[in-house]
There are 2 protein chains.
Amino acid sequence: MIAASGFNPVRTGRNCRDSINMSKSTINDVARLAGVSIKTVSRVVNREAGVRDATREKVEKAIAELNYWPNQSARDLAASKAHLICLVYDDPSAYRLPSAGYIIRLQEGVLRVCRSHGYELLIHPCNYRDRQVGDELKVLIHRARPAGVVLAAPLSNFPKIVKAISATGTPFVRLSPGQKLTGERVVASNDRAFAAEMTCYLASLGHRRIAFITGHPKHKAVGHRFDGYRDGLKRSGLEFSERLVMAGDNSFGSGEAAAMTLLQRKQRPTAVFAANDDMAVGVLRVASRLGIPVPEQLSVAGCDDITLAEQVHPALTTIRQPFSTMAERASLMLVKGTEESEKPNGTVVVPGTLKIRESTGPAP
Amino acid sequence: MIAASGFNPVRTGRNCRDSINMSKSTINDVARLAGVSIKTVSRVVNREAGVRDATREKVEKAIAELNYWPNQSARDLAASKAHLICLVYDDPSAYRLPSAGYIIRLQEGVLRVCRSHGYELLIHPCNYRDRQVGDELKVLIHRARPAGVVLAAPLSNFPKIVKAISATGTPFVRLSPGQKLTGERVVASNDRAFAAEMTCYLASLGHRRIAFITGHPKHKAVGHRFDGYRDGLKRSGLEFSERLVMAGDNSFGSGEAAAMTLLQRKQRPTAVFAANDDMAVGVLRVASRLGIPVPEQLSVAGCDDITLAEQVHPALTTIRQPFSTMAERASLMLVKGTEESEKPNGTVVVPGTLKIRESTGPAP
DNA sequence: GTAGCGGTTGACAACGCTGTCAGGTTCATT
DNA sequence: AATGAACCTGACAGCGTTGTCAACCGCTAC
């Protein structure tokens, strides 16, 4: 298939005509009206090269006149692959976590690519704690035959899930996986680097006792942030101390719990950096409850820039994760990978950006 | 098509066997292995009646052995309709509104139906301010040929959008439309009723000056809540006063603005009921800034039960909108409508439920 | 013994498109 | 004027299902 990077079936420039004419005309009708063969219409529709301008115009006119749109099922059948990208992520309704924003951003990213390349997006939330999840994904892929699969974190870290998808032979890209495998496509953000950056930022404000709340142990990418925290400490000439590290599990509640412990010490930290925003907001909540003014007496920073981060008071300093861009890049690899020559493996890193808001300030 | 209400292609009870065997076997292979005709395999796969048990078992065994899954494109082509439900909603990235939770819930609802009926979900956020949106939807429908379209609010209120979908002839269901048209399918929640209920609840706490912040004028369903507010006032024997009504636009910011005005009056209201949660949270924020304790000096209530409602401090009293259930019911109408005899129009009402949390209390 | 009738099965033609390949045109080159 | 080469175009065979319809089987009813 030649398929120029263009995508959508050609339509003459003018807007869709009144399509009261919903007569689902076929390529045959167009061919007849234009006085050419089916194949030629197909060529025009797919923007294949090698059609004389005059012919193309005739065909385009006929297409517009009949309000023709190719039948996707037939196309996919003939080309033996569906114009579909499948986005697989952790089911938000399984937890009660506010991961909605994360998912929406992922979807946005994939959708951008879909729109520009004539693909459709199939979404598939699933629950990794479900025993059957591997089979479920295989079935999905067998049924839908998508051009590729984008596997979002934290699912991208579960071997059984990766294996299941891999077994189908369908191209896939992992997002923010904890560890990389060889010969595999990955899009990640630089968690370690930006966590270090945040730590340095806090240190530069004069903080000396910077606590860290770790993420869910299964979520590897979040784990890298801990490494980044240590990097940042070292780079700022600060001592690492176990006492300043609390274990969290990415949830709001675990952030609260950690803060309860940290903030009630006689010598409490002057800054708390949480591995994600949910926990950071938990810290904020506890601080408010304990009457500790933020940022005057305590600086709080998170990671991810969830919607809530902006709405909470004081607005949370955090790191904006480029989720949507990551998903976009991943989808692009998939789309290109099938249209052009199969690309080899590759890792794309999309950088996150510091969002400094109100919850951080000079050390007291 | 006979198609029992069952859906997924039959698989023998046991789990998928090791499917290293990803050989994309076709119905032909199965037929050969089982020693029957293609058509018989098709019957078994589709759970059609009239296959002898012994034959069915032979076929199921062959299916399991070859790890066969029907090709969706081929199916859709032959049956001339795709097993797809299309969910169309307002693009959250177009605004900067935190509508992610809303969308995720809608998706959840549709997905439940998809899963149980062998459909897939196609999502299509779009921007109603875009001139081309009608054509865009027509193209989508022409291309994907979904079994039906679920049109979410606030999009369900725009005539040009409804018309465009209607013109394609594809069955569709509107969610929470502002006004109903005849001969049309609708799923709505009882906005007016529950807004009245909330108002009565506040009145029952002793509040006499209950303010209301209206929603975006274009969002009709939210408009009904204003009517409900007046109903509630009347039912509680309270006088309606223009002075207690502020115009909002569904955004956090507009909630803040309204609160700034309301709460700085010498005789401020003792309760504020906002037409949605975003605005209610805005009120909470302003109250905190002005040092007005909630709920001791001021009760605040919202509508929708967005994720944030639970996380904010104090947790927001609100009304849980049954978005996910609404989407589910809508999808069900679509799926049934195409599988069974075309159902006539109908309106389904799914009730919302009061969620009383910390932000409301007895009048001071 | 035979017509008739459910119950069961298979042959075959779509479904609407793409890929392959051969055939036809056009045009510059010898 | 003949020879290619480059360019266009169309015939045709799938792609893997489902729908239609005819055929067959075994049995009951006459």
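Chain letters run A, B, ... following the sequence lines, proteins first, then strands; residues in each count from 1. Given the structure is predicted, the values throughout are model-derived calculations rather than measurements.
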Quiz prompt | Between C1' of D:dG16 and CD1 of B:I63, the distance in whole Å | solution = 14 Å

Quiz prompt | Distance, rounded to the nearest Å, where B:D53 contributes CG and C:dT9 contributes C1' | solution = 15 Å

Practice problem: Evaluate the criterion side chain to side chain contact (heavy atoms under 4.5 Å, CB included) for residue pair B:C86 and B:V88; output intermediate values, then yes/no. | Solution: CA-CA 6 Å; B:C86 187; B:V88 177; 4.0 Å; yes

Quiz item: Within the structure shown, what part of the strands sits under 4.0 Å from B:S73 by heavy-atom distance: base, sugar-phosphate, or nothing?
Solution: nothing

Quiz item: Below 4.0 angstrom from OP1 or OP2 of C:dT18, is there any side-chain N or O of A:R75?
Solution: yes

Quiz prompt | Spacing of A:I27 atom CD1 relative to D:dG10 atom P, expressed in whole Å | solution = 12 Å

Self-check item: d(CZ, B:R56; C1', C:dG7) in whole Å
Solution: 13 Å

Quiz item: For the side chain of B:A78, counting heavy atoms from C-beta on, which of C:dT9, D:dG16, D:dC15 is nearest?
Solution: D:dG16

Practice problem: Output the single nucleotide from D:dG19, C:dC21, C:dT9 whose closest atom is nearest the side chain of B:K39. | Solution: D:dG19

Practice problem: Determine whether more than 12 heavy atoms belonging to other residues, nucleotides or ligands lie under 6.0 Å from atom NZ of B:K160. | Solution: yes

Self-check item: CG-CG distance between A:L87 and A:L122, expressed to the nearest 0.5 angstrom
Solution: 9.5 Å

Quiz item: Can a side chain N or O of B:S42 be found less than 4.0 Å away from OP1 or OP2 on D:dT17?
Solution: no

Quiz item: Given atom CG of B:N46 and atom C1' of D:dG19, what is their separation to the nearest angstrom?
Solution: 11 Å

Practice problem: Counting heavy atoms from C-beta on, name the nucleotide in D:dT18, C:dG19, C:dC17 closest to the side chain of A:E48. | Solution: C:dG19

Exercise. Specify the separation, in whole Å, of atom CD of A:Q72 and atom P of C:dC17.
Key: 10 Å

Quiz item: Looking only at side-chain N and O atoms, does B:T55 come under 4.0 Å of OP1 or OP2 in C:dT8?
Solution: no

Quiz item: Whole-Å distance between D:dG14 P and B:N71 CG?
Solution: 18 Å

Quiz item: Among C:dT18, C:dT8, D:dT9, which nucleotide sits nearest the side chain of A:A79?
Solution: C:dT18

Practice problem: Starting from P on D:dG14, measure out to CG on A:D76 and report it in whole angstrom. | Solution: 21 Å

Practice problem: With the side chain of A:S37 defined as its heavy atoms from C-beta on, choose the nearest nucleotide among D:dT17, D:dA11, C:dT9. | Solution: D:dA11

Quiz item: D:dC15, C:dC17, C:dC15: which one has an atom nearest the side-chain heavy atoms of A:L77?
Solution: D:dC15

Quiz prompt | A:R145, CZ atom: more than 12 neighbouring heavy atoms under 6.0 Å | solution = yes

Quiz prompt | Position toward the 5' end of DNA chain C (nearest nucleotide), A:R43 or A:I38 | solution = A:I38

